[in-house]
Number of protein chains: 2
Amino acid sequence: MTTIADVARRAGVTAATVSNVITQRVPVSAKTRDRVLKAIAELDYRPNLVARGLALGKTLTLALVVPTLTNPYFAEVVEEVARVTDQHDYQMLLSMTHNHADEGRRHLARMASRRVDGFIVMGMAADTSDVVALMQQDHPVVVCMWNHDPRLQLLPVVDIDFRLAGELATRHLLEWGHRRIAIIVEEPVQHSRLQGYQMALLEAGIVPDPVYIRPGDSSFASGYQAALDLLALPHRPTAIFACNDWMALGAMEAVERHGLAIPGDMAIVGVDDIAQAAYAHPPLTTVSTPRREVARAATELLLRLIDHSEQEPYMTLVRPHLVVRHSTDVALRRSGE
Amino acid sequence: MTTIADVARRAGVTAATVSNVITQRVPVSAKTRDRVLKAIAELDYRPNLVARGLALGKTLTLALVVPTLTNPYFAEVVEEVARVTDQHDYQMLLSMTHNHADEGRRHLARMASRRVDGFIVMGMAADTSDVVALMQQDHPVVVCMWNHDPRLQLLPVVDIDFRLAGELATRHLLEWGHRRIAIIVEEPVQHSRLQGYQMALLEAGIVPDPVYIRPGDSSFASGYQAALDLLALPHRPTAIFACNDWMALGAMEAVERHGLAIPGDMAIVGVDDIAQAAYAHPPLTTVSTPRREVARAATELLLRLIDHSEQEPYMTLVRPHLVVRHSTDVALRRSGE
DNA sequence: CTGAAAGCGCTTACAG
DNA sequence: CTGAAAGCGCTTACAG
């Protein structure tokens with residue numbers, strides 16, 4: 001690898017001058033600048049960013065920590081973070097924790113050792129206390145799509161208003177006349193959606209029935225299974241609110257295999273509006289969560305924190321909106337059942 | 001940030017000794033080792049990996065370059081690379097090029113400047129010549145899931161035998177009696193699958209008809225559209241081989257909306273065996289491509305290249321296998337049409 | 001076993 | 001405008 005010293009030698013100057021030409025921090029005479037640029041080109045010199053990082057105390061690298069990429073939701077978010085990161089000439093160190101606290105701690109520590117300039121931690125990929133500790137060691141951190149946690153007040157968070165998402169979905173079903181509305185929810189990450197669901201029901205004078213609250217893990221398979229369980233109930237619900245689209249699609253599959261019609265016998269709503277929702281069978285009504293916007297906002301905030309080292313805590317909530325399609329747009333077939 | 005000098009001072013030794021304790025490269029007396037470890041713990045010292053990287057000339061970082069994460073195929077591959085990377089105490093710098101050659105070149109250059117220890121380039125995310133150039137500058141590189149390209153002989157490649165995938169899918173349809181078999185294919189990345197398709201047809205004495213060869217871009221939507229075009233043909237095919245599952249699922253949707261039965265009126269085969277394939281409507285017959293195995297093989301090969309700096313070119317082909325489900329398992333309903 | 005010195009490849013005041 | 005020197009935080013021979 002050719003170094004700045006090689007370039008200096010060839011251009012007949014000193015390394016400091018080469019550095020000045022490259023960084024443009026200090027004026028250099030046109031003549032020597034040309035000589036230096038020529039030498040750089042001839043030697044195909046590429047500055048060693050590791051050395052620069054050590055000298056400058058910054059690495060132009062962000063750490064992004066997510067639970068998994070298997071969930072397309074995070075895949076999209078990572079894409080967007082990478083896009084913004086790239087625009088700002090930063091690079092992205094990515095790691096997945098699979099929601100395992102130990103992994104999260106280990107990854108955060110290692111990335112801190114690598115002296116990344118800042119962290120974005122998504123979807124509760126690590127323990128809140130570990131993230132707070134990171135911030136207390138003066139690392140810029142932005143937390144994105146987290147759960148409500150009192151300790152979060154200490155650090156900047158960018159999130160989607162998921163409680164509103166739960167309300168929008170549930171109110172929509174209530175408007176179509178449903179009273180027995182089930183929910184499939186992954187705790188604790190989707191707790192706000194559950195809260196929204198409960199609030200909307202209470203608003204309508206309905207006391208949430210625990211038997212209609214089913215656990216999932218956000219996968220297609222878990223939605224499928226939860227729906228099967230709901231269908232086996234003596235007094236089965238007439239509508240299902242699945243807290244993400246994958247579970248909603250899984251639930252649809254289960255309902256159809258059971259020989260029931262959607263939405264005639266069972267209305268279904270999801271959350272996210274993933275690409276497949278529009279092509280589902282029938283097209284899925286869902287609450288769209290503007291994930292790219294959230295990712296962008298989080299990244300830009302982090303970049304600002306790094307540059308200006310502002311210290312105030314933030315809370316940015318992006319509003320979701322309902323996308324009505326055909327999985328809900330028919331009134332109950334047998335309203336008396 | 002506390003440095004090795006702080007630790008040394010506190011332990012009453014020199015930085016070299018602290019380093020020796022940490023790296024265990026040189027024996028240190030138990031007594032001073034304990035003092036050093038105590039100081040490390042008290043100061044919560046974390047070695048600066050940037051400085052170590054500069055001193056050692058290695059960064060314990062791999063670069064992974066993929067086209068996109070939107071395709072769950074790559075999402076899974078990235079997960080697996082990250083897993084293996086992590087196991088070996090490496091980290092992963094990720095970038096996406098969206099199959100844009102300029103982006104690829106730019107990202108590779110930047111990552112080289114960052115002195116990553118090696119590169120995995122996936123799915124033709126960059127121009128072959130740029131990757132070859134990288135290797136010629138002595139960067140360890142492994143190429144994964146590439147297209148056949150004569151220049152590839154220069155570098156190690158790990159791939160799935162996609163031509164075999166095309167043959168398996170097509171032969172399967174031929175066995176069920178289909179003669180008018182269409183293909184939806186993204187060129188040039190899926191060219192081998194097309195070759196396999198053509199070979200299987202010729203083997204069966206059928207001359208591939210260009211009108212049955214339709215372009216796609218690997219997305220659900222493109223499969224949907226291509227199937228629509230095929231259905232509009234005066235002499236429409238009785239089977240569709242979609243070169244990935246997403247296009248197959250899109251094609252299924254189009255066929256069903258058209259009012260035709262699967263597989264009675266139209267058999268459909270995909271490639272990949274993504275999670276959704278088994279839950280499709282009907283469950284999708286597909287050629288499973290062991291993507292995690294490929295990702296793991298590529299990462300481990302790269303790690304070996306970094307350690308031993310072997311120079312021989314490699315070619316590793318992983319065999320795919322057919323997964324028969326219900327989207328093909330009925331003979332033609334109207335064999336005379 | 002431990003310390004003093006030099007080096008990794010940059011950048012940054014400070015002189016001149 | 002340019003050079004000499006010191007420093008970023010480590011590691012690695014080499015002495016002792």
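Predicted model only: the values in this text are computed from it and were never measured.
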*Asks:* May I ask you to verify if any side-chain N or O of A/Ser19 is less than 4.0 angstrom from the OP1 or OP2 atom of C/dT11?
*Replies:*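 So the side chain of A/Ser19 is within the cut-off, an N or O lying under 4.0 Å from OP1 or OP2 of C/dT11.
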*Asks:* Any sub-3.5 Å donor-acceptor pair from A/His139's side-chain atoms to A/Met135's backbone N or O?
*Replies:*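 Looks like no, no N/O pair under 3.5 Å.
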*Asks:* When you measure from the side-chain N and O atoms of B/Thr3 to the phosphate of D/dC8, is any distance below 4.0 Å, counting only OP1 and OP2?
*Replies:*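 Answer no for this pair, as no side-chain N or O of B/Thr3 is under 4.0 Å from OP1 or OP2.
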*Asks:* Can you find a side-chain donor-acceptor pair between A/Gln190 and A/Ser218 that sits under 3.5 Å?
*Replies:* yes
*Asks:* What is the distance from CG of B/Leu56 to P of D/dC8, rounded to the nearest Å?
*Replies:*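 One finds 20 Å between P of D/dC8 and CG of B/Leu56, rounded.
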*Asks:* Ignoring hydrogens and geometry, is there a side-chain-to-backbone donor-acceptor pair from A/Gln91 to A/Thr61 under 3.5 Å?
*Replies:*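 Pair absent, no side-chain N/O of A/Gln91 close to backbone of A/Thr61.
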*Asks:* Which listed nucleotide (C/dG9, C/dT2, C/dC1) is nearest to the side chain of A/Ala51?
*Replies:* C/dG9
*Asks:* Using whole Å, report how far CG of B/Leu54 lies from C1' of D/dG9.
*Replies:*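 Computing the B/Leu54:CG to D/dG9:C1' distance gives 9 Å.
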*Asks:* Hey, does the side chain of A/Arg52 come within less than 4.0 Å of C/dG9's phosphate (OP1/OP2), counting only N and O?
*Replies:*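 It does not, given that no N or O in the side chain of A/Arg52 lies less than 4.0 Å from OP1 or OP2 of C/dG9.
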*Asks:* Expressed in angstrom and rounded to an integer, what is the separation of B/Arg35 atom CZ from C/dC1 atom C1'?
*Replies:*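 From B/Arg35 CZ to C/dC1 C1': 12 Å.
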*Asks:* Between A/Arg83 and A/Glu80, does any side-chain N to carboxylate O distance fall below 4.0 Å?
*Replies:*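 Between A/Glu80 and A/Arg83 there is a salt bridge, with a charged N closer than 4.0 Å to a carboxylate O.
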*Asks:* Once you round it to whole Å, what is the distance between P of D/dA4 and CZ of A/Arg9?
*Replies:* 14 Å
*Asks:* Would you indicate, yes or no, if D/dG3 has its OP1 or OP2 atom less than 4.0 angstrom from a side-chain nitrogen or oxygen of A/Thr17?
*Replies:* yes
*Asks:* Starting at CG of A/Asn20 and ending at P of C/dA13, how long is that distance when rounded to a whole Å?
*Replies:*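 My rounded result for the distance is 11 Å.
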*Asks:* Among D/dT2, C/dG9, C/dT2, which is the nearest nucleotide to the side chain of A/Ala55?
*Replies:* C/dG9
*Asks:* Provide the Watson-Crick or G-U wobble partner of D/dA4, both distances under 3.5 Å; none if there is no partner.
*Replies:*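 Its partner is none (no Watson-Crick or G-U wobble pair with both distances under 3.5 Å).
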*Asks:* With a non-hydrogen cut-off below 4.0 angstrom, is A/Val50 in contact with a base, only sugar-phosphate, or nothing?
*Replies:*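 A/Val50: no heavy atom of the nucleic acid under 4.0 Å.
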*Asks:* Between D/dG3, C/dG3, C/dT2, spot the one nearest the side chain of B/Val26, thanks.
*Replies:* C/dT2
*Asks:* Without decimals, in angstroms, what is the distance between A/Asp6 CG and C/dC8 C1'?
*Replies:* 13 Å
*Asks:* For the side chain of B/Asn48, starting at C-beta, report the closest nucleotide among D/dG9, C/dT2, D/dT12.
*Replies:*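 My answer, after comparing the listed nucleotides, is D/dG9.
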*Asks:* Measure from CG on A/Leu49 to P on C/dC10 and round the result to the nearest Å.
*Replies:*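 In whole Å, C/dC10 P and A/Leu49 CG are 9 Å from each other.
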*Asks:* Side-chain N or O of B/Ser29 versus OP1/OP2 of C/dT2: is the shortest distance under 4.0 Å?
*Replies:*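 For B/Ser29, the contact criterion (side-chain N or O under 4.0 Å from OP1 or OP2 of C/dT2) is met.
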*Asks:* Can you check the B/Ile4 CD1 to D/dC8 P distance for me, whole Å?
*Replies:* 14 Å
*Asks:* What's the closest nucleotide to the side chain of B/Arg25 if the choices are D/dA13, D/dT2, C/dG9?
*Replies:* D/dA13
*Asks:* Tell me the closest heavy-atom pair linking B/Pro47 and A/Arg115, and the distance in Å.
*Replies:* O-NH1, 4.0 Å
